[in-house]
Amino acid sequence: MPALSIRQLKKTYDNGFEALKGVDLDVEEGDFFALLGPNGAGKSTLISSLCSLAVKSAGQVKIFGIDIDESFSKAKKQIGVVPQEFNFSQFEKVLDIVVTQAGFYGIPRPLALERAEKYLRKLGLWEKRNERSRLLSGGMKRRLMIARALVHEPKLLILDEPTAGVDIELRRSMWDFLEEINAAGTTIILTTHYLEEAESLCRNIAIIDHGELVQNTSIKDLLAQLNQETFVLDLTRPLDKTPDLGKYRVVACEGANLEIEVMKGDSLNDVFAELEKQQIEVTSMRNKVNRLEELFMRLLNEHDEQAVEGAA
Amino acid sequence: MEPREILIAFNTIVVREIRRFMRIWVQTLIPPVITMALYFVIFGALIGSRIGEMGGYDYMQFVVPGLIMMSVITNSYANVVSSFFSTKFQRNIEELLVSPVPDMVILLGVVIGGVVRGLMVGALVTVLSLFFTELNVANWFVMIAIVFLTALLFSLAGFINAIYAQSFDDISIIPTFVLTPLTYLGGVFYSISLLPEFWQNVSMLNPVLYMVNTFRYGVLGVSDINIVTAFVMIMVFIVIAFAYSLSLLKSGKGLRN
């Protein structure tokens, strides 16, 4: 049974804006799933529709087989939501926020306290339990929202850009934590703008743009679609003019940096042989952008072009 | 949700509401007590001694039940409107909306929080009044029932205001332009028998008049209006306000996209 099954989900706001135009999506139980898309694509609207923060205009949503139109209350028990923006009382204490949320799910206070301690400890917030939440740092506030979303131990955890504005060290520790709870059986849906985050954490991916699903596949299959990569080469000395590297297109040549495009299947040894022939010495080499980012941009551009053609 | 879970959720909401106003007790419990102390001194002791009797009682005894009700009305209203609007403003209302708590339980929990504050302030003002006059309660049942129902009605009114409010200015408009005039003209400071017949009839349209007079009947045993009519009217207002509040919550107005 899928953890989440969405059929023809539509959402039109009062001002007539169509945020979702008939989305079909399945997320399998135990998956770590990435939902990507540019700003305003419909990701947050989709998440809001799943947890009743937005009222869907049409379509069917099932959470672990429970239709939200038939038993939203039962379905909500299965979901934990970590929103994009801080949405807890700034005046309450950390422990009170988590225990109160447990109470909203009908969890008795002794058990709520036990779980609050468990998740606050795991997320490194136990020492801050008696602090007013407004005094926490941005990263701590994000972790507090994760602890709050987990206190009723949902089977499906939805995180809307959980690492936005979080420093690298903290981001890594949050990734470890999310991988740990996913390994323990919690299905996770993640929206993010950090594509390396999606690539390193998630197994499957959906890309949404202008309220439509552009791609829904495994990260592995998606990356297999990548037919060219751009590399940045750092050279020992600056070049006077842009070199001709034959079939390897030079995208940019500036000072001691060279950017070249390499098609899928081409050998990097051949690239270096060509550079060697022209006496260009390379000290280091890296991908210009994350591989997923390259694909993401290509898919969105294709989708935009199709939309323009359709309109014409 | 199971009945036991619903009870836990209801209890959680009420405790959260009480914790909120107790946390800021200097803003929520003390000011009404100070204001009423000034009313007792100025209107009761200083000016009241020159007014003489009203409704068969000295002015201080007459005015005390009205002032207690005034504090109950304003505080039950203020608690719900400010608490619920703040949860909207800080977006922590989403904590409740994503949870499985039924709308009816959310409404009851928030409103009972307002009732508790109204009753606490009412109790504090009553204790304060004992320093100025004697209160020989004529009918305990009427007194307690009407103060509870009044707090309930104005908590519901505060909830409706909070749903429609889009800024902090909006939560002060109704108290300033509607609640205060209704309370001051609701027979707190005078018996409507002092008014010309036309204004007596106009006063009968003011729901606060029924609450103040019923409470006064409970304390002193005198009233300008029929007590049964007052109870029926208040109950009707409560049913309408409750049904309307629940429909607003279910529709998600101002809360859900």
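Below, all heavy atoms of this structure are taken into account, side chains as well, without hydrogens, waters or symmetry copies. By convention in this document, chain letters (A, B, ...) are assigned in the order of the sequence lines, proteins followed by strands, and residues within each chain are numbered from 1.
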Peer 1: Given a strict heavy-atom distance threshold of 4.5 Å, which part of A/Gln90 is in contact with chain B: side chain, backbone, both, or neither?
Peer 2: both
Peer 1: Mark yes when over 12 heavy atoms from residues, nucleotides or ligands other than B/Met233 sit less than 6.0 Å from its CE; otherwise mark no.
Peer 2: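 Above 12, so yes.
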Peer 1: Please determine whether the number of non-hydrogen atoms from other residues, nucleotides or ligands lying under 6.0 Å from atom NZ of A/Lys74 exceeds 12.
Peer 2: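 Counting neighbours around NZ of A/Lys74, 12 or fewer heavy atoms of other residues, nucleotides or ligands fall under 6.0 Å, so no.
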Peer 1: Would you name the heavy atoms of B/Arg23 and A/Phe91 that are closest together and state the gap between them?
Peer 2: NH2-CB, 3.7 Å
Peer 1: So which bits of residues 24-33 of chain B come within less than 4.5 Å of chain A, counting non-hydrogen atoms only?
Peer 2: none
Peer 1: Report the option among A/Ser49, A/Ser52, A/Ala149, A/Cys51 that has the most heavy-atom pairs separated by less than 4.5 Å from atoms of chain B.
Peer 2: A/Ser52
Peer 1: Over all heavy atoms of both residues, which pair between A/Phe104 and B/Pro100 is shortest? Give the atoms and the distance, please.
Peer 2: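 Answer, listing the atom of A/Phe104 first, then B/Pro100: O-CD, 3.9 Å.
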Peer 1: Does CG in A/Asp14 sit with more than 12 non-hydrogen atoms of other residues, nucleotides or ligands closer than 6.0 Å?
Peer 2: no
Peer 1: For the candidates A/His152, A/Lys11, A/Lys77, which exhibits the highest count of non-hydrogen atom pairs separated by less than 4.5 Å from chain B?
Peer 2: A/Lys77
Peer 1: Using distance alone, with no hydrogens and no angle criterion, decide if A/Ser89 and B/Arg20 have a side-chain donor and acceptor under 3.5 Å apart.
Peer 2: no
Peer 1: What residue in B/Ile106, B/Ile8, B/Leu7 has the most heavy-atom pairs under 4.5 Å with chain A?
Peer 2: B/Ile8
Peer 1: Using a 6.0 Å cut-off, check whether atom NZ of A/Lys141 has over 12 heavy atoms from anything other than its own residue.
Peer 2: yes
Peer 1: Any residues in residues 73-98 of chain B near chain A, with a heavy-atom distance under 4.5 Å, and which are they?
Peer 2: B/Gln90, B/Arg91, B/Asn92, B/Glu94, B/Glu95, B/Leu96, B/Leu97, B/Val98
Peer 1: Count the heavy atoms of every other residue, nucleotide or ligand shown that sit under 6.0 Å from CD of B/Gln166, and state whether that count exceeds 12.
Peer 2: no
Peer 1: Side-chain contact, heavy-atom cut-off 4.5 Å: B/Asn11 with A/Arg109?
Peer 2: no
Peer 1: Is chain B contacted by the side chain of A/Ile107, its backbone, both, or neither, given a heavy-atom distance below 4.5 Å?
Peer 2: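 For A/Ile107, the backbone is the part near chain B, not the side chain.
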